[in-house]
Amino acid sequence: MFPAQALAEAMLKRGWRVKLTTDSRGARYTTAFPPQTEIEELGSATFARGGVGAQVLAPIKITTGIMGACFSFLRDRPSVVVGFGGYPAIPAMAAACLLRLPRMIHEQNGVLGRVNKLFATRVSQVACGTWPTDLPQGAKGVHTGNPVRAAVLERAAAGYIPPGDYPMSILVMGGSQGARILSDVVPGAIAALPDGLRGHIRVAHQARDEDGARVAAFYADHGIRAEVEPFFQDVPRRISDAQLVISRSGASSVADISVIGRPSVLIPFAAAAGDHQTANARG
């Protein structure tokens, strides 16, 4: 969603109309998009999650979403359709292929996700965030890097305050869904710091809903000032204010941390397809 937001911001400044199509889950992360962005929800689904019932319904939801996208595109014919991967992109990209509209995809990671791999040879261009990118035969790729939002660019020149004998901030991010391993390990690591150092630290920790209460209680029990939330809307500011960022190495997180310029401990998600988070972190 963050690279899509960055593209929306850039194109709106150039006078384009921009419409974002996503599913109901993706729509929850659109609050920071420019208000001029038109947002349309289309049904989609994945075969990788849920039980038998969800997997049986998945093709029906996807087909309905593709039909909805086709009607939408015929009504308001877009000049170009850009996919950013993930199953919410399936309806729009499939409709663009069926209607033979100009189309491209952007891949954040060095290894294409399943949806982008499906469409890579059916688009004019694959914009690659990490280079080199492992592309299927016949796909045309160009290294663009990962676009970042205006809120990140505004913080790019912010000065860094090194650790010292004064209040310091640690930001803990586990991606849009949080990361249980970070909630299990990081609070104990911070609590193990020497008393004099620990007393200066405040923590902003992104944790899953089901982990939030225990993580907050742990910090409180050990006298550590902490803000624990499932999702932070102001991540660029928090990265800029931090002396240290502890984070999963998703492509957008790595791009934001790199552009703002902060020391980080990156923990790749071991089960990521093609181990792409390790490639992100290594770069």
Enquirer: Decide side-chain contact (heavy atoms from CB on, under 4.5 Å) for S24 and E41; before the verdict, give the C-alpha distance in whole Å, the side-chain angles of both, and the deciding distance to 0.1 Å.
Expert: CA-CA 6 Å; S24 56; E41 288 188 31; 3.6 Å; yes
Enquirer: I'd like to know if the side chain of Q36 and the backbone of L12 have a donor-acceptor N/O pair within less than 3.5 Å.
Expert: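 Judged by distance alone, no pair lies under 3.5 Å.
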Enquirer: Hey, are E227 and R238 close enough for a salt bridge, meaning a charged N less than 4.0 Å from a carboxylate O?
Expert: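 Salt bridge flag = yes for R238 with E227.
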Enquirer: If hydrophobic clusters are built from ILVMFWY residues whose side chains come within less than 4.5 Å, do V254 and W131 share one?
Expert: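 In one cluster with V254: W131, no.
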Enquirer: Testing the 3.5 Å rule here: is there a donor-acceptor pair between the side chains of T133 and E107?
Expert: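 Result is no, nothing qualifies.
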Enquirer: Might you point out which heavy atoms bring P187 and L182 nearest each other, and give the distance in Å?
Expert: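 Heavy atoms of P187 and L182 come nearest at CD-O, 3.4 Å.
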Enquirer: Please step through side-chain contact (heavy atoms from CB on, under 4.5 Å) for the pair Q206 and V235, ending with a clear verdict.
Expert: CA-CA 10 Å; Q206 183 191 352; V235 165; 5.8 Å; no
Enquirer: Between V81 and L118, is there a shared hydrophobic cluster once you connect ILVMFWY residues whose side-chain heavy atoms come closer than 4.5 Å?
Expert: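 Same cluster: V81 reaches L118 through Ile, Leu, Val, Met, Phe, Trp or Tyr contacts under 4.5 Å.
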Enquirer: If the plane angle is over 60° it's perpendicular, under 30° parallel, otherwise tilted; pick one for F231 and Y29.
Expert: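 The arrangement is perpendicular - the two ring planes meet at more than 60°.
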Enquirer: Salt bridge check: are R262 and D256 linked by an N-O gap of less than 4.0 Å?
Expert: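 Salt bridge absent between R262 and D256.
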Enquirer: For V203 and V186: C-alpha separation, side-chain torsions, deciding distance, then whether side-chain contact (heavy atoms from CB on, under 4.5 Å) applies.
Expert: CA-CA 10 Å; V203 179; V186 173; 5.9 Å; no
Enquirer: Kindly say whether G138 contributes a backbone atom to a donor-acceptor pair with the side chain of T121 at under 3.5 angstrom?
Expert: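 Pair absent, no side-chain N/O of T121 close to backbone of G138.
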Enquirer: Name all residues meeting the ring-ring contact (aromatic ring centres under 6.0 Å, His included) criterion together with Y219; count only those two or more places apart in sequence or in a different chain, and write none if there are none.
Expert: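 With sequence neighbours excluded, Y219 shows a ring-ring contact (aromatic ring centres under 6.0 Å, His included) to H205, given in chain and number order.
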Enquirer: Test side-chain contact (heavy atoms from CB on, under 4.5 Å) on L20 and M1; report intermediate values, then the result.
Expert: CA-CA 10 Å; L20 171 73; M1 296 299 283; 3.9 Å; yes
Enquirer: Check whether T63 reaches the backbone of I60 with its side chain - one donor and one acceptor, N or O, closer than 3.5 Å.
Expert: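 Pair absent, no side-chain N/O of T63 close to backbone of I60.
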Enquirer: Charged N to carboxylate O below 4.0 Å: is that the case for R180 and D184?
Expert: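 Looking at R180 and D184, the cut-off is not met.
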Enquirer: How far does CZ of F33 sit from CD of E38, to the nearest 0.5 angstrom?
Expert: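 So the CZ of F33 and the CD of E38 are separated by 13.0 Å.
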Enquirer: Nearest 0.5 Å, what's the SG-CG distance between C70 and L98?
Expert: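 The CG atom of L98 is 5.0 Å from SG of C70, to the nearest 0.5 Å.
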Enquirer: Taking the side chain from N146 and the backbone from T130, do they hold a donor-acceptor pair closer than 3.5 Å?
Expert: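 Here the side-chain-to-backbone pair does not exist.
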Enquirer: Would you say S79 and P102 make side-chain contact, with heavy atoms under 4.5 Å?
Expert: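 Not touching, per the 4.5 Å side-chain cut-off.
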Enquirer: Under a 3.5 Å distance rule, please check whether N280 uses its side chain to pair with a backbone N or O of S249 as donor and acceptor.
Expert: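 Looks like yes, one N/O pair under 3.5 Å.
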Enquirer: Would a distance-only check, ignoring hydrogens and angles, find a side-chain to backbone donor-acceptor pair under 3.5 Å from S72 to G68?
Expert: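 Absent.
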Enquirer: Of all residues at least two apart in sequence or in a different chain, which pass the salt bridge (charged side-chain N to carboxylate O under 4.0 Å, His left out) check with D134?
Expert: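 Testing D134 for salt bridge (charged side-chain N to carboxylate O under 4.0 Å, His left out), a comparison that skips the adjacent residues, returns none.
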Enquirer: For R122, does its backbone N or O pair with a side-chain atom of R103 as donor and acceptor, under 3.5 Å?
Expert: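 Yes, the answer is positive, given that a donor and an acceptor are paired below the 3.5 Å cut-off.
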Enquirer: Do I257 and S247 touch side chain to side chain, with heavy atoms closer than 4.5 Å?
Expert: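 Answer yes - side chains close enough.
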Enquirer: How many angstroms lie between atom CE of M93 and atom CD1 of I105, to the nearest 0.5 angstrom?
Expert: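 Interatomic distance, M93 CE to I105 CD1, rounded to 0.5 Å: 6.5 Å.
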Enquirer: Given 3.5 Å as the limit, does a donor-acceptor pair link the side chain of R25 with the main chain of D23, or not?
Expert: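 No.
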Enquirer: Does the side chain of H106 come within less than 4.5 Å of Q108's, by heavy atoms?
Expert: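 Yes, their side chains come closer than 4.5 Å.
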Enquirer: Side-chain contact test, heavy atoms from C-beta onward, threshold under 4.5 Å: evaluate it for Q243 versus I170 and give yes or no.
Expert: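 No, their side chains stay 4.5 Å or more apart.
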Enquirer: Is it the case that atom CE in M67 sees more than 12 heavy atoms from other parts of the structure closer than 6.0 Å?
Expert: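 Open: at most 12 neighbouring heavy atoms sit under 6.0 Å from CE of M67.
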Enquirer: For R214, does the CZ atom sit with more than 12 other heavy atoms under 6.0 Å from it, leaving out its own atoms?
Expert: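 Atom CZ in R214 is crowded, with more than 12 foreign heavy atoms closer than 6.0 Å.
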Enquirer: Measuring from I90:CD1 to F119:CZ, what's the distance to the nearest 0.5 Å?
Expert: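 Those atoms lie 6.5 Å apart.
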Enquirer: Is there a path of hydrophobic side-chain contacts, each under 4.5 Å between heavy atoms, that joins L266 and V172?
Expert: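 No: no chain of side-chain contacts under 4.5 Å links L266 to V172.
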Enquirer: If you compare all heavy atoms of Y160 against all heavy atoms of P163, which two are closest, and at what distance to 0.1 Å?
Expert: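 Reported closest heavy-atom pair: OH-CD, 3.6 Å.
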Enquirer: Counting only heavy atoms not in W16 (residues, nucleotides, ligands), do more than 12 fall under 6.0 Å from its CH2?
Expert: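 For W16, atom CH2 is not crowded (no more than 12 foreign heavy atoms under 6.0 Å).
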Enquirer: Quick one: does F2's side chain get under 4.5 Å of V152's, heavy atoms only?
Expert: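 The answer is no; the side chains never approach within 4.5 Å.
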Enquirer: What heavy-atom pair brings G199 and R225 nearest, and what distance separates the two atoms?
Expert: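 Where G199 meets R225 most closely, the heavy atoms are O-NH2, 3.6 Å.
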Enquirer: Minimum heavy-atom separation for A6 to R149, with atom names?
Expert: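 Distance-wise, the nearest heavy atoms are CB-N, 3.9 Å.
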Enquirer: Please confirm whether the backbone N or O of I267 pairs with a side-chain atom of R248, one donor and one acceptor, at under 3.5 Å?
Expert: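 Yes: the side chain of R248 pairs with the backbone of I267.
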Enquirer: Should V185 and V245 be counted in the same cluster of Ile, Leu, Val, Met, Phe, Trp and Tyr side chains packed under 4.5 Å apart?
Expert: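 Shared cluster, no.
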Enquirer: Looking at E40 and K19, is any side-chain nitrogen of the basic one under 4.0 Å from a carboxylate oxygen of the acidic one?
Expert: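 A salt bridge links K19 with E40.
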Enquirer: With rounding to the nearest 0.5 angstrom, report the OG to CZ distance, S169 to R202.
Expert: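 Reported value, rounded in 0.5 Å steps: 5.0 Å.
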Enquirer: To the closest 0.5 Å, what do you measure between CD1 (I66) and CZ (F71)?
Expert: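 The CZ atom of F71 is 12.5 Å from CD1 of I66, to the nearest 0.5 Å.
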Enquirer: Quick check: closest heavy atoms across F218 and A191, and the distance to 0.1 Å?
Expert: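 Scanning both residues completely, I find the closest heavy atoms to be CE2-CB, 3.8 Å.
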Enquirer: Work out which heavy atom in P34 is nearest to a heavy atom in E9; give both atom names and the distance.
Expert: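 Looks like CG-CG, 3.5 Å.
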Enquirer: Count I, L, V, M, F, W, Y as connected when their side-chain heavy atoms are under 4.5 Å apart, and connections chain through other members. Are I239 and I190 then in the same cluster?
Expert: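 Different clusters.
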